[in-house]
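Below is one structure, written out as C-alpha cells, with a few remarks after it.
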Amino acid sequence: MSVRPSQTTEDRIYGTIFDSVMSQRLAPGTKLPEVALCELFGATRAAVRKVLQRLAHDHIVELQPNRGARVAAPTPQETRQIFEARRHMEAAIARLAAENATKADIAALRAHLRQEHEALHHTAQPAWARLACAFHLQLAEVARNPILQRYLGELMSRCSLIVALYEPPGHAACEHDQHAEIVDCLARRDAEQAVRLMDAHLRELEQNVCVEAAEADDGLARMLGLAPEEGARPAKAVRAA
C-alpha cells in the first residue's frame, strides 16, 4: 500500500488493515495484537489503540475485554438481519431519490458511474469497493433525507465487510451495470422500477455470501501486505455494493 506524504501513521495503519480485510488477506477472526502492530508499523501503543477503536467503530474489527482485537466475524443471523435492514432502508431511499433527483443529481451520479467503470478495470479491489459503496451513499444524498443517509452509512460498512470476508470466488457479475440501471430509473422518475432493481441487487449480493470462516494461518505481516508474498495464495476477487 503506497503512503502519501500527508498521510499520518494512524491513517496508514487504518488503511492497511482496512484494505487487507477487504482484499481477503485478513480472514474473519484473525487476531490483531497491539504489540505486533506497533512493531510492524513502528507506531506507539497509543496510536495503535486509536486505530483499533476507529476500526471497531466501523465494524471492521471487534474489541474484546482482556482478549484484544480481532477481525470481525459476523454470524449468519447477523448477516441476514443486516441485509434485511439494508433492503428496507434502500427501498425507501430509491423511492425518495426517484422523486427528488434533479438534472444535476443525475449528472453527478453518471459521473460517479464513470469512475466506477474506470476503477473496475484499472484499480485494486479496495478502491473499487469504496466507489461501489459511495454510490449507495450518494443515492441517499439525492433522497434528501439525512437521517436515512446516516443510518445507511453504518449499514454499508457492516455489509461491505460481510461481502469482502465471505463472498466466494467465481461471482463476477458487475454491480456497475446494476447501478447504471438504477440511475436510468431515477432519470425517468420510475420509482417502482428503481425499488425493484435495488431489492434484486441486494438480494443477489446476499445470496452470494457464504458465512464460513476461513483458516487464518499466514503470518500477520504477510496478511497485512507488509512482507514478501512468495508462494502465498492470491487474494480472491470480491464484490461490493
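Just the heavy atoms: all of them, side chains too, but no hydrogens, waters or symmetry mates, feed the values below. All residue numbers in this chain count up from 1 along the given sequence.
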Mark yes when over 12 heavy atoms from residues, nucleotides or ligands other than [X] sit less than 6.0 Å from its [atom1]; otherwise mark no.
X: R67; atom1: CZ; result: no
X: H117; atom1: NE2; result: no
X: Q64; atom1: CD; result: yes

Task: Interatomic distance, T75 atom OG1 to R80 atom CZ [nearest 0.5 angstrom] - done: 7.5 Å
Task: Atom pair CE (M198) and CG (L139), whose distance is rounded to the nearest 0.5 Å - done: 5.0 Å
Minimum-distance pair of heavy atoms, taken over all atoms of [X] and [Y]:
X: Y166; Y: P28; answer: OH-CB, 3.5 Å
X: T16; Y: L224; answer: CG2-O, 3.3 Å
X: V142; Y: N100; answer: O-CB, 3.5 Å

- [ ] Pick out which of E204, H88, E90, R87 makes a side chain to side chain contact (heavy atoms under 4.5 Å, CB included) with D199.
- [x]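 Testing each of E204, H88, E90, R87 against D199, the sole residue satisfying side chain to side chain contact (heavy atoms under 4.5 Å, CB included) is R87.
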Task: Close side-chain approach of F83 and V163, heavy atoms under 4.5 Å - done: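 Yes; the side chains approach each other to less than 4.5 Å.
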Open item on the list: Are D11 and R54 packed together at the side-chain level, in the sense that at least one heavy-atom pair is separated by less than 4.5 angstrom?
Closed with: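 Sidechains of R54 and D11: in contact.
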Task: NZ/NE/NH1/NH2 to OD/OE distance under 4.0 Å, R86 and E206 - done: no
Open item on the list: Please check: side-chain N/O of R189 versus main-chain N/O of A101, any donor-acceptor pairing under 3.5 Å?
Closed with: yes
Task: In one Ile/Leu/Val/Met/Phe/Trp/Tyr side-chain cluster, 4.5 Å: I93, V195 - done: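 The answer is no; the residues belong to distinct hydrophobic clusters.
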- [ ] Using the rule that two of Ile, Leu, Val, Met, Phe, Trp, Tyr join whenever any of their side-chain heavy atoms come within less than 4.5 Å, decide whether V51 and V35 are in one cluster.
- [x]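 The answer is no; the residues belong to distinct hydrophobic clusters.
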Task: Derivation of the side chain to side chain donor-acceptor pair (under 3.5 Å) call for Q193 and R196 - done: CA-CA 5 Å; Q193 181 65 1; R196 283 193 290 269; 3.0 Å; yes
